[in-house]
Amino acid sequence: MTVQTDTHSLRRARRAGLAAFVGTTIEWYDFYIYATAASLVFGTVFFPETGDRLTGVAAAFATYAVGFFARPLGGIVFGHVGDRVGRKTALVVTLTMMGAATFLVGCLPGYAQIGTWAPILLVVLRFVQGLAVGGEWGGAVLMAVEHAPPDKKTFYGAFAQAGNPAGALLATGLFSLLSTGGTEWLTTWGWRIPFFASVLLIGVGLIVRLKVEESPVFEETVEETGVPILYAVRTNWKPILLGICVLPVAVGGYYLVTTFATAYATDPAVGVSESLVLNALTIAAFVELVVSFGAAWLGDRFGRVRVVVIGLAGVAVLAAPQFLVLSTKNAALIIAAFVAMRLAMTATYSPIAAVLSQMFRPRARYTSISLSYQLAGALFGGLSPLVSTLLFQATGSIWPAIGLLIGMCVLSIVCVLAAPQHTDEV
């Protein structure tokens, strides 16, 4: 009977891991195609009246940031659903919302067709995207981690985390392919194709997600929490604040070395071709996807906090080379720098699902983990590309952005070392 129970539990864990991976891959694909389009074409398509390229890019990044500011609200709304109704219900709704918003972005006319309504509608749809992804990450992580055996929580948490590089690989890979048609074609029509393709991915994701069983921790933790957000703020406010400060690099640093790096590299002052940057990002995303589970395995073997700290130190060391190598325009060096940075980023990101989920006890855990992650996303993820672009525009130097990334590493190291780690007992 014990063997059958263990086998059933392992099967549930694997199914939950797969569902987390597929769902987060699709969610992050949708999120990243917007980020890539914001770096390359949205300044021209939706903000042509800004006067110069960098101002247009900054305006596009401002709409990009809207999605991050919507994410905490999504975390509260779907955290409530996940803590009161169930993780599975929340995840099905968020996936459907994300797919609808992404498809509609692809349908939007540009500024040339409908004037200021174009950027307004873009902001509205980006807000819906933010709501969806705000509820997605916490639920996907908890479904994977809460189904996992106690000694494999970091490994199974990596299924949700691996969706990030997988989504980035799909997004940048598709844009890299489309960029071969030339800048004019990409700007006029080609950028819409990745948004339309999202519909097919959402269908696959819903089929997989509807088959997964509810989290056993949710099923067993029946004690009433009242309103989850009130319980979380009253009881978990200290670990929530600490969780926010654990995440600057895992959320914000990631966008500095991908989204902002794309805009910086393709700026005329630097002059790297769009295709080279997209190819480098695609290769780096593939490498990150391959090593994600290895980093998580190391977390279970040697300690997830230790692996995260080593990764953060690596990001700090690589911060300057990542950006300075771009001015060489040497393809091999640029790809090597992007890959090295993503290897370090993987060590900070892959184990963080288990680190953050185990910072909170089961009651109101969905709401608490979502608040930490999504508030950090709004603060560090939403603003870091915009702030870095404005710093570069104001100073003409990349060093302020490099300093920002290193400072985020220091803050993350201090806080992850102070993070509590609980079990799944109530």
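Note that these values count all heavy atoms, side chains included, but never hydrogens, waters or copies made by symmetry.
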Passing option when L312 is tested against V249, V246, V410 for side-chain contact (heavy atoms from CB on, under 4.5 Å) = V249
Steps toward side-chain contact (heavy atoms from CB on, under 4.5 Å) verdict (H80, I229) | CA-CA 7 Å; H80 183 94; I229 179 61; 5.7 Å; no
Minimal heavy-atom distance between I33 and A171, with the atoms involved, is CG2-CB, 3.5 Å
Side chain proximity check, L383 to F69, heavy atoms < 4.5 angstrom = yes
Backbone N or O of F21 within a donor-acceptor pair of the T24 side chain at under 3.5 Å?
-> yes
Separation between CG (L170) and OG1 (T282), nearest 0.5 Å, reads 10.0 Å
Between the main-chain N or O of P194 and the side-chain N or O of S198, is there a donor-acceptor pair closer than 3.5 Å?
-> no
CG of L73 to CG of L371, rounded to nearest 0.5 Å, is 10.0 Å
Which word best sums up how the rings of F195 and W191 line up, parallel for under 30°, tilted for 30 to 60°, or perpendicular for over 60°?
-> perpendicular
Evaluate the criterion side-chain contact (heavy atoms from CB on, under 4.5 Å) for residue pair T262 and L281; output intermediate values, then yes/no.
-> CA-CA 9 Å; T262 300; L281 287 171; 3.1 Å; yes
Taking all non-hydrogen atoms of both residues, which atom of C409 and which atom of A316 are closest, and how far apart?
-> SG-N, 3.6 Å
side-chain hydrogen bond (donor to acceptor under 3.5 Å, both in side chains) between R304 and Q358: does it pass, once the steps are laid out?
-> CA-CA 11 Å; R304 47 186 173 252; Q358 299 310 118; 5.7 Å; no
Which heavy-atom pair separates A295 from V307 by the least distance, and what is that distance?
-> O-CG1, 4.1 Å
Spacing of CD1 belonging to I402 relative to OG belonging to S397, to within rounding of 0.5 Å | 7.0 Å
Report yes or no: does R71 contribute a side-chain atom to a donor-acceptor pair with the main-chain N or O of S370 at less than 3.5 Å?
-> no
Taking the six-membered ring where the residue is Trp, are the ring centres of F293 and F159 under 6.0 Å apart?
-> yes
Is there side-chain contact between V325 and F338, with heavy atoms separated by less than 4.5 Å?
-> no
State, with a plain yes or no, whether a side-chain heavy atom of L104 is found less than 4.5 Å away from one of L121.
-> no
Short side-chain to backbone donor-acceptor contact, Y366 and G135, under 3.5 Å = yes
Residue from F380, F260, Y32 passing side-chain contact (heavy atoms from CB on, under 4.5 Å) with Y255 = Y32
Do the side chains of S292 and Q161 get nearer than 4.5 Å, heavy atoms only?
-> no
Is Q374 reaching over with its side chain to a backbone N or O of G134, donor-acceptor style, under 3.5 angstrom?
-> yes
How close do F78 and V93 get, heavy atom to heavy atom, and via which atoms?
-> CE2-CG1, 3.6 Å
So, the side chain of S368 versus the backbone of R365: is there a donor-acceptor pair under 3.5 Å, distance only?
-> no
Supply the atom-to-atom distance N330 CG to I334 CD1, rounded to the nearest 0.5 angstrom.
-> 7.0 Å
Answer yes or no: are there more than 12 heavy-atom neighbours, outside R306 itself, under 6.0 Å from its atom CZ?
-> no
Do M341 and Y254 come within less than 4.5 Å of each other through their side chains, counting heavy atoms only?
-> no
Is any side-chain heavy atom of L324 closer than 4.5 Å to a side-chain heavy atom of W399?
-> yes
Taking atom OH of Y373 and atom CD1 of I352, what is their separation to the nearest 0.5 Å?
-> 9.0 Å
Sub-4.5 Å side-chain heavy-atom contact between V309 and L417 | yes
Parallel under 30°, tilted from 30 to 60°, perpendicular over 60°: which one fits the rings of Y264 and F392?
-> perpendicular
Determine whether T25 and L201 make a side-chain contact, defined as any pair of heavy atoms from C-beta on separated by less than 4.5 Å.
-> no
Any donor-acceptor pair under 3.5 Å from E288 side chain to R342 backbone = no
Evaluate the side-chain contact (heavy atoms from CB on, under 4.5 Å) criterion for residues L186 and E274: first the C-alpha distance (whole Å), next the side-chain angles of each, then the deciding distance (0.1 Å), finally the verdict.
-> CA-CA 11 Å; L186 186 66; E274 293 174 357; 4.2 Å; yes
Are the side chain of H147 and the backbone N or O of M143 linked by a donor-acceptor pair below 3.5 Å?
-> yes
Tightest non-hydrogen contact, residues T346 and P351, listed as O-CD, 3.7 Å
OG of S273 to CG of N279, rounded to nearest 0.5 Å, is 8.0 Å
Pair Q129-T102, side-chain hydrogen bond (donor to acceptor under 3.5 Å, both in side chains): steps then yes or no = CA-CA 7 Å; Q129 277 193 324; T102 303; 2.9 Å; yes
Evaluate the side-chain contact (heavy atoms from CB on, under 4.5 Å) criterion for residues L95 and I202: first the C-alpha distance (whole Å), next the side-chain angles of each, then the deciding distance (0.1 Å), finally the verdict.
-> CA-CA 7 Å; L95 191 61; I202 294 295; 3.9 Å; yes
Of all heavy-atom pairs between L405 and G253, which one has the smallest distance, and what is that distance?
-> CD1-CA, 3.8 Å
Are any side-chain N or O atoms of T94 and backbone N or O atoms of L91, one a donor and one an acceptor, separated by less than 3.5 Å?
-> yes
Check: A364 main-chain N/O paired with T367 side-chain donor or acceptor under 3.5 Å | no
Aromatic ring centroids of F42 and Y34 under 6.0 Å?
-> yes
